Peer 1: 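For reference, the structure I am asking about is given below.
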Amino acid sequence: MPSVVGSILILIAFWLILQSLRSLWSSLFTTSSKKAKGAKLVKRSRFEDFLLDDKVNAGSLAVTGAGADGVVTASDAASSLIQEAFRYASKDGFPVLILYGTEYGFSRQVAAQVAAQLSQRFGGRVSPRVLNMLHYRVLDFRRELVVLIVCSTTGDGVVPSDARELADLLAAQAVALPQNAQYAVLALGDRAYPHFCRAGRLFSEWMQSLLPAKDSELTSRAEVDQEDWPTIDGWLESVIVALSARLTQMEYLYPGSDYLQENIERGGSYLADLANDSSRRYSKDAPFMARLVVRRLLTRILEQGDKETYHIELDITGSGLNYTPGDALGIVPRNAPDVVRDTLAALHMRGDELVDGACSVRQWLEERADLKHIRGATLFDALIASLDGSAALKERELAETLRRDHQAMEAFLQGRELVDVLHSFPSARLPVHKLPEVVRPLQPRFYSIASSPIVHGTDRIALTVAVVRYHIHGRDHKGVATCYLADQVQLGDLVPVFLSRNPDFRLVTDPQCPIIMVGPGTGVAPFRAFAAERKSCSGRTLLFFGSRYRDRDFLYADEWDALVKQGNLELHTAFSRDQAEKRYVQHRLLERASDIFHLIWEQCAHIYVCGDAARMARDVDQALRKILATEGSLNAQQVEEFMQQLERNQRYQRDVWVE
Ligand SMILES: Cc1cc2nc3c(=O)[nH]c(=O)nc-3n(C[C@H](O)[C@H](O)[C@H](O)COP(=O)(O)OP(=O)(O)OC[C@H]3O[C@@H](n4cnc5c(N)ncnc54)[C@H](O)[C@@H]3O)c2cc1C
């Protein structure tokens with residue numbers, strides 16, 4: 001009997017072991033197949049994102065993470081690029097190359113539009129191919145007979161990071177184009193910056209030097225202020241006219257087969273290397289979720305209008321982000337809940353209506369809509385169409401008057417967000433599907449990184465954020481990203497971020513070299529990192545800081561104080577409102593003219609300027625020129641040449657933006 005019981009027990013134990021082995025096997029199997037599916041998805045979306053990314057950064061081309069999940073293969077890379085390049089191409093058409101240089105994606109959008117129009121107007125006779133300048137290596141310029149360049153300018157006059165390598169080659173005249181090639185340049189920019197459209201102008205100059213013949217330019221360069229589509233359309237129309245006139249002649253020169261697809265296929269592994277580069281891992285559409293760990297008010301707010309500036313720290317553990325002081329961090333913000341609520345009410349919508357089949361109007365307002373940048377003509381057309389009842393006669397008249405007079409419309413829109421406009425047209429009922437056409441898509445905002453990975457740790461990124469709040473048109477308005485960081489996100493919450501490299505703003509590595517940093521207001525952010533890294537350098541480290549009041553907005557005063565006491569920093573401050581006469585950083589520079597001149601002229605100091613592009617950077621530039629002229633007895637031309645030389649030698653670097 002005991003032996004029977006024993007046998008049964010052994011059988012049960014054996015069955016149990018079998019069952020657990022089976023479930024272990026099945027769990028292993030399903031996990032790995034799920035993983036495989038996941039990896040495939042990640043792989044696709046990451047590369048697609050890389051290509052379609054609105055903010056692809058420059059950086060090293062080293063492959064990182066090879067073999068890990070999400071690695072882009074050579075064939076994936078090539079086929080995605082071919083898809084973008086040949087979307088409007090035709091098999092036997094005359095090839096036209098449309099090269100775009102983008103920072104935030106607008107020139108990419110324009111380039112695609114140019115290709116679509118060429119394809120439509122010429123039918124299959126012309127084959128437009130679209131390529132990001134980043135991928136110029138797949139090109140054989142000797143075989144390109146028509147090159148159209150669409151290039152944005154980033155910051156104050158800077159060539160977009162992805163376009164820099166090609167820009168360097170063109171500047172050095174190291175690109176061979178057929179002597180009978182034709183070109184045209186469309187320069188995109190923002191008139192708020194002093195060096196409006198500078199990158200496009202440079203591309204024009206370089207193309208002109210490469211193709212000096214009088215009729216090489218299909219049409220003269222157009223300069224576009226933000227989304228000025230009429231100017232873009234005008235330029236495109238003259239390109240089409242010129243191309244029509246010359247096409248038959250050009251067709252004789254074309255050997256009849258397009259090399260580009262084959263080159264892209266052969267360049268797959270190089271393209272995959274680019275896509276797998278860790279500095280490109282995150283973007284606006286695929287950001288890293290960093291945890292907010294510190295938010296400290298740096299200012300004292302005593303009365304309305306006083307600055308509200310925060311020191312913010314984000315934990316980037318696990319991101320693999322390797323940043324360098326001088327880089328900026330992109331923040332993907334959300335519109336404030338009260339702004340979303342008020343806009344929904346003004347739209348007379350509940351929030352669950354679908355904008356594009358999948359996204360609710362509430363989600364679109366929260367995450368995708370730039371409610372400050374209204375496309376006036378489209379909005380007023382939509383308003384007029386919706387105002388047809390007799391009760392809305394007055395509103396319709398106002399809408400029609402503004403629609404007819406562009407200047408009046410622009411003046412009306414000045415400072416108004418979508419909700420403000422809708423308040424003036426309470427009877428209007430905009431159709432939900434029209435909404436994405438009436439405002440621009442919400443863009444990320446950039447913040448100069450205020451920490452050093454060496455000194456402050458590789459797992460944290462610090463920012464210095466001045467909050468934007470103002471009252472206009474009878475309503476309180478908020479800066480989207482700054483109020484998102486100041487009000488919406490709580491400590492411990494996740495913030496979507498990505499890195500924006502800035503190889504043009506780098507601390508000199510020679511410890512003996514003196515540096516002069518000029519950073520009033522939040523412009524001081526990168527200098528917190530620079531100064532921290534200069535601690536044991538023998539070269540002098542000067543910082544010119546400015547703000548309104550010493551006792552209210554002297555950012556990081558304690559940290560500067562400690563560095564000064566250790567003998568690691570020479571600090572010069574200008575508090576504009578602490579005395580009757582306004583004092584700014586440029587005045588402090590001029591007061592020390594002889595020392596500044598000596599540092600620049602004798603000791604090869606590097607000069608760094610960060611902050612407001614519109615006034616401060618211009619005033620500081622003028623102060624430096626004045627110092628060179630007076631202390632060095634240089635004439636205007638010599639000053640100009642010396643300043644250009646400083647820039648070329650990266651001894652005068654600027655990281656400036658319009659506030
Ligand atoms: C490379 C780079 C680095 C930067 N670094 C920093 C940094 O370190 N720290 C920092 O704080 N910022 C920095 N900025 C600026 C930052 O990116 C944002 O532009 C800024 O914080 C405002 O963003 P926001 O979304 O809060 O405001 P938005 O929602 O963009 O609102 C700003 C807009 O509101 C309007 N506006 C503002 N004030 C008024 C007013 N009084 N009356 C009428 N209209 C008004 C203007 O149209 C203005 O353009 C940097 C920008 C760049 C490009």
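The first residue in the sequence is number 1, and the count goes up from there. For ligands, and for the atoms within them, numbers begin at 1 and follow the listed sequence. These numbers come from a predicted model, not from an experiment.
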Peer 1: Would V465 count as a polar contact of ligand 1, with the cut-off being nitrogen or oxygen pairs under 3.5 Å?
Peer 2: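 N/O-N/O distance below 3.5 Å does not exist for this pair.
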Peer 1: Heavy-atom distances under 4.0 Å are what count here, so tell me which part of H477 touches ligand 1: side chain, backbone, both or neither.
Peer 2: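 The answer is neither.
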Peer 1: How far is atom 19 (O) of ligand 1 from its nearest protein heavy atom, and which residue and atom is that?
Peer 2: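 Here the nearest protein heavy atom works out to R445 CD, 4.6 Å.
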Peer 1: Does R506 pair with D327 as a salt bridge, N-O distance under 4.0 Å?
Peer 2: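 Here R506 pairs with D327 in a salt bridge, since their nearest N and O are under 4.0 Å apart.
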Peer 1: Nearest protein heavy atom to atom 44 (N) of ligand 1: under 4.0 Å?
Peer 2: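 There is a protein heavy atom less than 4.0 Å from atom 44 (N) of ligand 1.
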Peer 1: What atoms of ligand 1 come within less than 4.0 Å of a heavy atom belonging to V480?
Peer 2: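 Under 4.0 Å from V480, ligand 1 has these atoms: 24 (P), 25 (O), 26 (O), 27 (O), 28 (P), 29 (O).
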Peer 1: Below 30° counts as parallel, above 60° as perpendicular, anything between as tilted: where do the rings of Y470 and H477 land?
Peer 2: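 Ring orientation of Y470 relative to H477: parallel.
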Peer 1: Thinking salt bridges, do E308 and R469 make one under a 4.0 Å N-O criterion?
Peer 2: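 Salt bridge flag = yes for R469 with E308.
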Peer 1: Atom 23 (O) of ligand 1: which of Y447, W657, F505 has the nearest heavy atom?
Peer 2: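 The nearest heavy atom belongs to Y447.
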Peer 1: Salt bridge or not between E417 and R475? Use side-chain N to carboxylate O under 4.0 Å.
Peer 2: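 Salt bridge between E417 and R475, a charged N being under 4.0 Å from a carboxylate O: yes.
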Peer 1: Compute the shortest N/O to N/O distance between F446 and ligand 1 and return yes if it is under 3.5 Å, no if not.
Peer 2: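 F446 vs ligand 1: N/O contact under 3.5 Å present.
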Peer 1: For atom 8 (O) of ligand 1, what's the nearest protein heavy-atom neighbour? Residue, atom name and distance, please.
Peer 2: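 Of the protein heavy atoms, S448 N, 3.4 Å lies nearest.
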Peer 1: Using distance alone, decide if ligand 1 has a nitrogen or oxygen within less than 3.5 Å of any nitrogen or oxygen in D655.
Peer 2: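 D655 vs ligand 1: no N/O contact under 3.5 Å.
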Peer 1: Hey, what's the ring geometry for F575 with F554, parallel, tilted or perpendicular (30° and 60° as the breaks)?
Peer 2: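 Perpendicular, since the angle between the ring planes exceeds 60°.
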Peer 1: How far apart are the C-alpha atoms of Y193 and F196, what are their side-chain angles, what is the distance that settles it, and do they pass the ring-ring contact (aromatic ring centres under 6.0 Å, His included) test?
Peer 2: CA-CA 5 Å; Y193 285 86; F196 172 59; 9.7 Å; no
Peer 1: My question is simple, although I want it checked carefully: is atom 47 (O) of ligand 1 less than 4.0 angstrom from any protein heavy atom?
Peer 2: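 Protein heavy atoms within 4.0 Å of atom 47 (O) of ligand 1 - there are none.
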Peer 1: Provide, to 0.1 Å, the distance between atom 27 (O) of ligand 1 and the closest protein heavy atom, together with that atom's residue and name.
Peer 2: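 I find the closest protein heavy atom is G479 CA, 3.3 Å.
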Peer 1: Can an N or O of A466 be found at a distance shorter than 3.5 Å from an N or O of ligand 1?
Peer 2: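 Right, the criterion is met.
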Peer 1: Checking F544 against W560 for the ring-ring contact (aromatic ring centres under 6.0 Å, His included) test, could you report, in this order, the C-alpha distance in whole Å, the side-chain angles of both residues, the deciding distance, and whether it holds?
Peer 2: CA-CA 11 Å; F544 289 82; W560 308 132; over 10 Å; no
Peer 1: Closest non-hydrogen protein atom to atom 26 (O) of ligand 1, residue and atom name please, with distance?
Peer 2: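 The closest one turns out to be T482 OG1, 2.5 Å.
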Peer 1: Considering only protein heavy atoms, which is closest to atom 41 (N) of ligand 1, and at what distance to one decimal place?
Peer 2: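 Here the closest protein heavy atom is Y470 CB, 3.5 Å.
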Peer 1: To check your reading of the model: name the closest protein heavy atom to atom 49 (O) of ligand 1, its residue, and the distance in Å.
Peer 2: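 Minimum-distance protein heavy atom for atom 49 (O) of ligand 1 reads E659 O, 4.8 Å.
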Peer 1: State plainly whether the residues D504 and R164 are in salt-bridge range, i.e. N to O under 4.0 Å.
Peer 2: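 The answer is yes: the pair qualifies as a salt bridge.
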Peer 1: Can you check salt bridge (Lys or Arg N to Asp or Glu O under 4.0 Å) on E223 and R221, steps first, answer last?
Peer 2: CA-CA 7 Å; E223 298 186 349; R221 180 187 66 243; 3.0 Å; yes
Peer 1: In terms of residue, atom name and distance, what is the protein heavy atom nearest to atom 32 (C) of ligand 1?
Peer 2: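 Of the protein heavy atoms, V468 CG1, 4.4 Å lies nearest.
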Peer 1: Taking both backbone and side-chain atoms of A481, is any N or O found less than 3.5 Å from an N or O belonging to ligand 1?
Peer 2: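 Min N/O separation from ligand 1 is below 3.5 Å for A481.
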Peer 1: Checking a contact table here: which protein heavy atom is nearest atom 9 (N) of ligand 1, and how many Å away?
Peer 2: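 For atom 9 (N) of ligand 1, the nearest protein heavy atom is T464 O, 2.8 Å.
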Peer 1: Take D306 and D553, measure what side-chain contact (heavy atoms from CB on, under 4.5 Å) needs, and give me the verdict at the end.
Peer 2: CA-CA 8 Å; D306 276 348; D553 45 20; over 6 Å; no
Peer 1: Quiz question for you: does at least one protein heavy atom lie closer than 4.0 Å to atom 37 (C) of ligand 1?
Peer 2: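 For atom 37 (C) of ligand 1 the answer is yes, since some protein heavy atom falls inside 4.0 Å.
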Peer 1: Taking the side chain as every heavy atom from C-beta outward, state whether R445 and V480 have any pair of such atoms under 4.5 Å apart.
Peer 2: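 Yes. Closest side-chain heavy atoms under 4.5 Å.
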Peer 1: Any non-hydrogen side-chain atom of T541 less than 4.5 Å from a side-chain atom of I516?
Peer 2: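 Contact flag for T541/I516 side chains = no.
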